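Keep in mind it's a predicted model, so treat the numbers as computed, not measured. Along the sequence shown, residues carry numbers from 1.
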Amino acid sequence: MPFGIGSINAIRTLFYVLLFMFSAVMIGLTAARLEYTTHLPPYDPLNHGVSFYDPIVAELLASACLTLLWSLFALHILWPGRMFEYGVFSSFLGEMVGLFILFVLWLVGAAISSTFWAQLGWCHEYRTCRILTALVAFAWIGWATILFLLFITILFAVLNRALFWQMHGRYDPRASTFNKGRA
């Protein structure tokens, strides 16, 4: 029996809201890290007081910004009571492509940051270490949220043969501007 779109859309909307919030937190954490490393005081023991930045933090910042925009777009499409359609970009296929790109970006960011900052338990008394610990944690939380969204979207699209249907889930052929002649 195919999944009902009402309950799936509610779950997807909830997870897109969570993804939006996690992305906003990640933007704050990466901005705090970049602010610290690019404005080191001369007496700071980190890198002997020479300012620098971590490329992986910049990658996580870019990933979080793209995810924030993607979440807003998805919520714009999914929000109840509205029916916006933007061709293939707002189809289940478009959603899966977008989520897969974000999945790879967040996986790379989470994996590399976990490798760089795996052993930070010794320095939790310092604010910068707590920021790095939170940054790594939110990188994995964001990745897991995207993984869940990708899984549930693929599951729904495959079980309902809805790959090219609009991701908003309201399939009235008379009201749809994109699915004319497809229903």
Side-chain angles (χ1 to χ4, degrees), residues 9-80 82 84 86 89-90 94-154 167-168:
N9 264 0
I11 292 169
R12 289 170 56 221
T13 301
L14 170 69
F15 274 85
Y16 272 115
V17 168
L18 290 173
L19 187 59
F20 177 85
M21 292 188 311
F22 297 152
S23 299
V25 169
M26 181 60 82
I27 288 170
L29 291 169
T30 54
R33 175 66 180 177
L34 287 171
E35 169 64 26
Y36 171 67
T37 58
T38 58
H39 296 90
L40 286 175
Y43 57 86
D44 197 302
L46 181 63
N47 204 32
H48 305 293
V50 178
S51 294
F52 70 101
Y53 79 97
D54 300 304
I56 196 60
V57 175
E59 188 272 344
L60 283 168
L61 176 61
S63 300
C65 289
L66 289 173
T67 304
L68 195 78
L69 294 173
W70 177 259
S71 298
L72 286 174
F73 174 74
L75 288 170
H76 169 73
I77 301 293
L78 290 172
W79 204 256
R82 296 181 179 178
F84 295 105
Y86 301 103
F89 296 109
S90 59
E95 182 182 13
M96 286 186 274
V97 168
L99 285 171
F100 180 75
I101 291 168
L102 295 175
F103 172 84
V104 170
L105 288 171
W106 281 77
L107 179 61
V108 167
I112 292 174
S113 64
S114 292
T115 302
F116 284 169
W117 302 301
Q119 303 295 328
L120 292 176
W122 61 272
C123 68
H124 275 251
E125 62 196 59
Y126 302 108
R127 180 178 178 267
T128 56
C129 284
R130 290 191 304 269
I131 287 174
L132 286 175
T133 303
L135 191 139
V136 171
F138 273 95
W140 285 112
I141 291 170
W143 172 80
T145 306
I146 292 169
L147 176 64
F148 179 78
L149 279 165
L150 187 59
F151 174 75
I152 198 168
T153 301
I154 290 171
M167 64 189 261
H168 56 59

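By the 4.5 Å heavy-atom criterion applied to side chains, F103 and L149 are not counted as neighbours. A heavy-atom distance below 4.5 Å is not found between the side chains of L40 and V50. Side-chain atoms of R12 and F148, non-hydrogen and from C-beta on, never get closer than 4.5 Å to each other. Contact check for L105 versus I101: side-chain heavy atoms found under the 4.5 Å cut-off.
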Go through the steps to decide whether F116 and L132 satisfy the test side-chain contact (heavy atoms from CB on, under 4.5 Å), and finish with yes or no.
CA-CA 10 Å; F116 284 169; L132 286 175; over 6 Å; no
Is there a side-chain contact (heavy atoms from CB on, under 4.5 Å) between I56 and W117 once you walk through the steps?
CA-CA 11 Å; I56 196 60; W117 302 301; 3.7 Å; yes
Is there a side-chain contact (heavy atoms from CB on, under 4.5 Å) between Y36 and I131? Walk through the geometry before answering.
CA-CA 10 Å; Y36 171 67; I131 287 174; over 6 Å; no
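Remark: F52 CZ is packed, more than 12 non-hydrogen atoms of other residues, nucleotides or ligands lying under 6.0 Å away. The number of heavy atoms from other shown groups lying within 6.0 Å of CZ (R127) does not exceed 12.
Taking each heavy atom of S23 and T67 in turn, the nearest pair found is OG-CG2, 3.1 Å. Across all non-hydrogen atoms, the minimal contact from F100 to L150 is N-CD1, 4.2 Å. Contact detail for L60 and M26: the closest heavy-atom pair is O-CG, 4.1 Å. When all heavy atoms of V136 and S114 are compared, the pair lying nearest together is CG1-OG, 3.4 Å. Scanning both residues, A64 and I27, for their nearest heavy atoms gives CB-CG1, 3.6 Å. The minimum heavy-atom distance linking G142 with L19 is given by the pair O-CD1, 4.0 Å.
Judged by distance alone, with hydrogens and angles left aside, the side-chain atoms of T38 form no donor-acceptor pair with the main-chain N or O of S51 at under 3.5 Å.
Distance check, rounded to the nearest 0.5 Å: CD1 of I11 to CD1 of I152 gives 4.5 Å. Atom CZ of F20 sits about 8.0 Å away from atom CG of L75, to the nearest 0.5 Å. Rounded to the nearest 0.5 angstrom, F73 CZ and L78 CG are separated by 9.5 Å. Rounded to the nearest 0.5 Å, atoms CD1 (I141) and CE (M21) are 11.0 Å apart. To the nearest 0.5 angstrom, Y126 atom OH is 13.0 Å from L120 atom CG. If you take CZ on F151 and CZ on F15, they are separated by 12.0 Å, rounding to the nearest 0.5 Å.
In this view, W140 and W143 satisfy the ring pair (Phe, Tyr, Trp, His ring centres under 6.0 Å) rule, not counting sequence neighbours.
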